[in-house]
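A short write-up of the structure that comes next.
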Amino acid sequence: MNVRLRSLLISILGLIATQEIHAQLCQGSLGDPIINTTFGAGNNPGAALSAATTNYQYIAADCPNDGSYTVRSNTSGCFGGNWHSLSGDHTGDANGYFMLVNASYSPSAFYLDTVKGLCGGSTYEFAAWVINVIDPSKAPGSIEPNLTFSIEKTDGTVLQTYNTNNIPTSSTPAWRQFGFFFTTPGGISNVVLRIFNNAPGGNGNDLGLDDITFRACGPQLTPSVNGIAGNTGATCEGISKSFNLSFSVSAGFNNPSFQWQQNIAGVWTDIPGANAASLVRNFTATAPPGGNTYRLAVAEAGNLGSLQCRVVSPVITIQVNKIPVTTAVNNGPVCPGNILQLTAAGGAQYSWSGPNNFSAGIAAPVVNNIAANNAGKYYVMVKNAEGCNHLDSTTVVINPAPAAQVSFTAAAICKGDSVKLSVGGGTGYSWQPATGLSASSIANPTAAPLITTSYIVTVTNQFMCTDTAAILVTVLNKPTADAGPDRIIIAGNSIQLQANATGTNIIYTWVNALNINDPYLLRPTVNPKVDAKYILRVASSNGCGSALDTMNVFVYKGLYIPNAFTPNGDNINDTWNIPALGAYPNFELSVFNRYGQLIFRSSGFNKPWDGKFKGMNVTAGAYIYYIDLKTGNGLGKLSGTVMLIR
């Protein structure tokens, strides 16, 4: 093409570029790529394109200058970061090459290719992937690429053009696909692809080009399997099943012809005689697991033999799925009363059945409190995610349990005594608690507990199954007697004794008691005329013995208050003591010195005064006392002086 003609064609295409033209990719079915220019793959840099492909200058380094290009699998840090860094081609392949272009200052064509072997009067789709490599955050306002794709006869006659309009920048690298479809005239088998860069260079207009494809475009092929819309079918190994594969064909070919293909070892291979829009495939029970893929090639009658004229359908996949590889186990042999744990694996769904109307729908069901009638074979149907089933089973053995046999279930002993326990029915024995036992792992230990205890014995047989029994040993407390403290009364009065007693099933008796209201009460009332001794006898009605204790009742004629004492340490009259105050349990006694200072106090409990105040001896002399007997009738208030002599 001469320079004048080229300039004229560029002007025409520039006019076309000012109009808004949208990509019109094939809406029907596509054939296999006739041309698939990927620029190859490998280490940087890729080889230069042939001289007929571009008039731009090739450089082997990254970051080409204006009017230059390179072939790369990545680019990084170009022009101070004004370009995006690309880590791979448009598919993300880190080794895949793409054409990296820095536009010339003047609009021009930068890519040319001749496509051969097309069918005349046929429709084809052209498509390519393009990226604006400018990073707008680093180079705002840069010129945006604007491309025109032209399909021409080999004599330069334009058959179809398409303009991308300005390809905008993006904050992150973004590949975009542009394309259109065109129809070849009758008798035309070769066409020329020309790509023009309509924008000037110098400040942007930098791009990447990848994956240029030409494919036949034809009718829409809609798949169905066994009459159901879709492109998948499935069966399971070990099952015979037929599949009717079919495609509905939209308008597009005047007289379509068909050829079914199967993918064998990665190669699409024609199936002999399969030349209808439908295909029946029979899978026997011996069919191996795996995917089986089919597609339908369609062309105008007479063109089916040319791969460049065919379109091909979406792939139909018939999957022969594996049956699940399963396991079914249990935790047996188990003993009666224990837990039976069934466990299956290898699938997504489980259905159990077994003895005694057992059923469950989970992988690991549990049977509580297992019994003899739960023994036998348990079946589980395991289904995997693909819907294939496998029946598995596991046999449950339930061992017999021993029968714990104790010689008695209850016994009573006096505290401190013992009793021999006895059990049979097994080969091993364990008593709990071990407290009070002579041994805890024999059949007949001696028990001497201090408190009432229920002994649980676990009997084990040769299968390690167990049974339990219990013996309650009741401990009877032996009697104890506490006649209470000695008491003081004034002659003519009475007093209640403060006795205490413990023991199990006990009775009380006051021995040889005089002047007592009831000798069988624990706390009787007494009124002796003179000092008297009272003896309490506590006896067990269960034969656990008896106990005695004695207390005294001291009888005073009246309240005698000494008027002097000599705390000189000779053990004679060393304290001021009023024993008869013990007859008045609520009395209060206070002693003051001549200055009115309280130096001694006693209440409720008769405490003699030793002549000291705060641990120090007080001086000899007269001290005033006050006594309130708390009789409740306003009487019984006494006062006087006591001489302290040293």
Side-chain angles (χ1 to χ4, degrees), residues 481-500 510 512-517 522-536 549-646:
D482 178 8
D486 292 344
R487 305 301 300 273
I488 297 172
I489 65 172
I490 303 299
N493 292 338
S494 61
I495 192 170
Q496 185 179 22
L497 305 186
Q498 300 297 311
N500 291 290
W510 290 92
N512 298 326
L514 299 175
N515 305 110
I516 190 168
N517 66 331
L522 179 61
R523 294 184 174 183
T525 299
V526 298
N527 58 347
K529 309 304 179 184
V530 294
D531 293 350
K533 181 177 293 188
Y534 292 89
I535 302 172
L536 174 64
D549 192 31
T550 302
M551 60 82 63
N552 296 290
V553 177
F554 298 101
V555 181
Y556 288 88
K557 300 297 182 181
L559 184 62
Y560 170 70
I561 302 175
N563 58 9
F565 70 109
T566 58
N568 54 13
D570 61 359
N571 294 324
I572 299 173
N573 204 26
D574 278 338
T575 61
W576 186 53
N577 186 23
I578 309 172
L581 283 177
Y584 303 94
N586 298 316
F587 78 91
E588 289 185 1
L589 167 64
S590 302
V591 179
F592 301 87
N593 61 19
R594 60 182 177 175
Y595 304 108
Q597 181 183 16
L598 177 66
I599 60 173
F600 177 74
R601 188 175 185 277
S602 177
S603 63
F605 174 74
N606 186 24
K607 176 183 178 182
W609 181 36
D610 60 2
K612 293 183 179 181
F613 175 56
K614 295 184 178 181
M616 302 294 293
N617 291 332
V618 300
T619 59
Y623 291 85
I624 301 169
Y625 65 82
Y626 291 95
I627 299 175
D628 186 351
L629 299 179
K630 301 287 187 180
T631 57
N633 54 10
L635 303 176
K637 294 185 178 181
L638 307 172
S639 63
T641 59
V642 59
M643 291 297 298
L644 189 152
I645 303 171
R646 293 197 182 277

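Note that these values count all heavy atoms, side chains included, but never hydrogens, waters or copies made by symmetry.
- Taking 4.5 Å as the limit, every side-chain heavy atom of V526 sits out of range of all side-chain heavy atoms of S494.
- N517 contributes atom CG, which lies 8.5 Å from atom CG of N527 (distance to the nearest 0.5 angstrom).
- Panel note: side chain Y534, backbone L514; a donor-acceptor pair is recorded below 3.5 Å.
- In this structure, the side chain of D549 does not engage the main chain of L536 through any donor-acceptor pair within 3.5 Å.
- At distances below 3.5 Å, at least one donor-acceptor pair connects side-chain atoms of D531 with backbone N or O atoms of V555.
- In this structure, a donor-acceptor pair under 3.5 Å is absent between the side chains of R487 and N552.
- With I495 as the partner, the side-chain contact (heavy atoms from CB on, under 4.5 Å) test is satisfied by one option alone out of I488, I489, I490: I489.
- Between the OG atom in S603 and the CG atom in N586 there is a gap of 9.0 Å [rounded to 0.5 Å].
- One finds the CE atom of M551 at 10.0 Å from the CG atom of D482 (value rounded to the nearest 0.5 Å).
- Here the side chain of R646 pairs a donor or acceptor atom with the backbone of P567 at under 3.5 angstrom.
- R523 places no side-chain N or O within 3.5 Å of a backbone atom of N500 that could act as its donor or acceptor partner.
- Side-chain contact annotation: N577 with N606, donor-acceptor N/O pair under 3.5 Å present.
- Each of W609, F592, F600, Y595 was checked for a ring-ring contact (aromatic ring centres under 6.0 Å, His included) with Y623, and the lone residue meeting it is W609.
- Under a 3.5 Å cut-off, the side chain of W576 and the backbone N or O of P562 do form a donor-acceptor pair.
- Applying the 6.0 Å contact sphere to CG of D570 captures more than 12 heavy atoms from other residues, nucleotides or ligands.
- A483 and W510 get closest at one heavy-atom pair: O-CH2, 3.9 Å.
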